[in-house]
Amino acid sequence: MTMNDRYDPKSIEPRWQARWEEAGAFRAGRRPGAEKRYVLEMFPYPSGAMHMGHGRVYTIGDALARQLRMRGYDVLHPIGFDALGLPAENAAIKDGRHPAERTRENIVAFRAEMKRLGYAFDWDRELSTCDAEYYRWNQWFFLRMLEQGIVYRRQGKANWCTGCQTVIANEQVVDESRCERCESAVVEKVIPEWAFRITAFAQELLDGLSGLAEWPERITTMQRNWIGRSDGADVDFAVPGGETIRVFTTRVDTIFGCTYAVLAPEHPLVEKVTTPERRGEVRAFVERMRKTDVLERTGENAPKEGVFTGARAVNPFTGAEVPVWIANFVLAEYGTGAVMSVPAHDQRDLEFARKYGLPVKVVIQPAKGERIPGPDALERASTEDGVLDASGPFTGLPSAEARRKMAAHAEERGFGKAEVRWHLRDWGFSRQRYWGTPIPVVHCPKDGTVPVRDEDLPVVLPEEAIITGTGEPPLAKVPSFVETSCPKCGGPARREVETMDTFVDSSWYYARYLSPRDDRRPVDPELARRWLPVDVYVGGPEHAVMHLLYFRFWHRVMRRLGLVHEDEPCRRLVTQGIVNGPDGRKMSKRWGNVVTPGPMVDRYGADTLRLFILFAAPPEKDIDWSDEQVDGLFRFLSRVWRIFHARQDCFRVPEAALAGAGGEALELRRKTHRTIKKVTESFEGELKFNTGIAALMELVNALYQLEPADDAARAAVREALVAVATLLAPFAPHAAEELWHEVIGPAVRDRLLAEEPWPGHDPALVAADTVGIAVQVNGKLRGEVQASVTAGEAEVRALAEAEERVRAHLAGKTVRKVVFVPGRLINFVVG
RNA sequence: GGGCGGGUGGCGGAACUGGCAGACGCGCCGGACUUAGGAUCCGGUGCCGAAAGGCUUGAGGGUUCGAGUCCCUCCCUGCCCACCA
């Protein structure tokens, strides 16, 4: 027996962790008749030790998973490791150790930490993406997607990270052309690469967002913007020499106001249209643009500049000739790389026109109100929709209608049509690095690029690779890997030496957890039917447009392959805030404000740490680490501990005694049932574990205020204590389990609190019969009266008027009006 | 520039569809118990004021019997996107 009255987490936590494991308490699939719930946290990248951010994600997810299990669901709550990727390889280059070795060590450390924190994971399903039994299925997917045309090889302008010495995805380029991972400069480089045709799914991915009602709106908005559908029209402007400049515009309704056209400096027609006398200047400009950093050149703060090509293009709507310029602000990659400029109705065009003295022509007037001033008086472009003016046959039409009619007109005449453009680009996933999934193709001198046969998977990463971080890809330097035979002709061939982007690994791991050891297929459709989609997915909002878009894409691919059935991989997304240092700044070695879970568990125990994380703020908010607050949570658990032991005798009174509870004992019962309701609600809707825990604290405070004098009171105390232990179980599972068994007694000794049913509240006890009703005079609080919840206005008014303080404020005044809100307040309006 | 959040005591944060602002915790003050307390228990704690009372949710206006909550104007701040035609 551990009946000492000091709360000592060190002695109890490992014991319960062992008990849960022995019992297999958190294995999914043990309640086949029950409804399922799949709770998933983003798996960690085991690059170093576990940090507080990990502690937060898994604590939030764990509370959810544990509570759902207690509510009777068959819960799947798996964990694994996102183990392949550049950081591990970079670290390996630095200290000369093999990434596999290093990663394995980190995984061991991570696993130990997670177990010490008592997370209710189904460890039987643990997976690591660096195992060939996992990444072989990346290769399998690659082959299927190649067959379907979703994977293709392209000669592309790629983002080349000068630090990682590899191509990275668009999404991995962050501010000022920096690599999202290593923060080195990113430059453009033209190389052949493999890409996923994610753009073919753009519409589906966009449409799917509207069904994601339980995702934070800001995440769906970010995805919507990233996918970036824009509806417009392509229009061909003829230039001398039989060429046409095709422009893309979302405002074809303004085309009668087009006074010039602009090409991107890289546009293929630049050389052709430039007149001989302008050639020198144009070439110099193009050359200068090429040398300027992309972001520097196209950033919004960059001043607009350009040069005239000497050419004139014909606006097919008006037949008028407009000058053709090239300018830094037109992007070659977007639309057609050429724009028509309407300075009166586009701010950029206006700025450019003013700078170079180009004409401005107003062609849209507001549907109502004042007309737009003449072109010379225009200070800002008028970008609103309106009614067309000076637009030939389209004059008088509202913008929206004009756009439709004008696009149709263009199509009829064969010089354009309605068109949709996307911001989303295909996902280039080739990486010239070692620590990733080998791309399963061989290059045969005779047959070209040939896919590896399914039965030859996996193409295993060779252990003996030499990783230097420079020169050609590491795999190219391993002859035993490179030299192979062609699956088609049998002749000598070379293996592809590129590996896949790590985001491939994390795009479908949630489905692999269903059958992590299945060696016949990546995902079992039967199990997918049972367990998918993920019900709650917890992770950081920084994945809004990378992982969270990729995995939606991959899910759709898997559905095409018949592996899964639902449209979307996950129903509900919870994005958690950052854990900052005690000084409110982001935890960083630089500030010396890093706090890691390990030492905190040593000092306070896992339960205190978990409670702190959940109590500090709602999950989505950032929190600051606070040693004092942590002390407070430890103190709370100690108080719980002491009151359980101080009230042990309450566990011996007969159950029936509860019925006799009155007075203080009845008040306690009410409090208990209200607490059950409140804590239960903290798991629903917006997660508000902080207020749930606050409610538990209130109940514990109430227990300290009551010295039970009879069996009825003791029974009420017991009821409250049982509730405290049960409600605490998702948050502080070890302490809860210990109190449940050791104090509550032998009746429950061979059961686990983790598997007990979640308590329900008695509505009759939750509803109060008398309440305090606020009394206001002219909206100011002047007193409070006790009355039955059902008391009517007359009764409450009489009580209120009897209050001295209220009387003082009513004295000598006429009551003009009385506002009565039953059960809440009464307000005398006097004058 | 655009989108989405935020601004509430000394601090973290509560407050359902407009209805007693400041739950709970931290910190602080006091008391009890103690050889001792940085343990524990009890009490207090938005601000001004001796009190009565007044004031108070970033600033200013409005609607309302009543506004942290709704409307308008503005300020500050976090995140994301950013010359996307």
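Contacts of A:Asn701 with the nucleic acid, taken as non-hydrogen atoms under 4.0 Å apart, involve only primed sugar atoms and P, OP1 or OP2. At the heavy-atom level, A:Pro618 lies under 4.0 Å from the strands shown only through sugar-phosphate atoms. Heavy atoms of A:Glu698 sit under 4.0 angstrom from primed sugar atoms or phosphate atoms, though from no base atom. When heavy atoms are screened at a 4.0 angstrom cut-off, A:Gly232 is found touching no nucleic acid atom at all. Across all strands shown, A:Arg635 has heavy atoms under 4.0 Å from sugar-phosphate atoms exclusively, and none from any base.
For B:G25, the O4'-C1' to base torsion is more than 90° from 0; the nucleotide is therefore anti.
Note on ring orientation: taking the six-membered ring where Trp is involved, the planes of A:Tyr356 and A:Trp325 are tilted (angle from 30° to 60°).
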Please list each protein N or O that sits under 3.5 Å from an N or O in nucleotides 53-56 of chain B, with the distance.
unit_1 : atom_1 : unit_2   : atom_2 : d
B:G54  : OP1    : A:Arg782 : NH2    : 3.3
B:G54  : OP2    : A:Arg782 : NH1    : 3.0

Pairs under 3.5 angstrom, nitrogen or oxygen only, protein versus nucleotides 64-68 of chain B, please.
unit_1 : atom_1 : unit_2   : atom_2 : d
B:C65  : O2'    : A:Asn827 : ND2    : 3.3
B:C65  : O2     : A:Asn827 : ND2    : 2.6

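Aromatic pair A:Phe415/A:Phe317: ring centres closer than 6.0 Å.
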Base-pair map of RNA chain B as dot-bracket, where | denotes pairing with a different strand and pairs are Watson-Crick or G-U under 3.5 Å: (((((((..(((......[....)))((((((.......))))))(((....)))..(((((..]....))))))))))))....
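For the pair A:Arg348 and A:Phe329, the cation-pi test (distance below 6.0 Å, angle within 45°) is failed.
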Audit row: A:Arg603, A:Phe634, side chain to side chain contact (heavy atoms under 4.5 Å, CB included) steps and yes/no: CA-CA 10 Å; A:Arg603 196 157 142 209; A:Phe634 182 83; over 6 Å; no
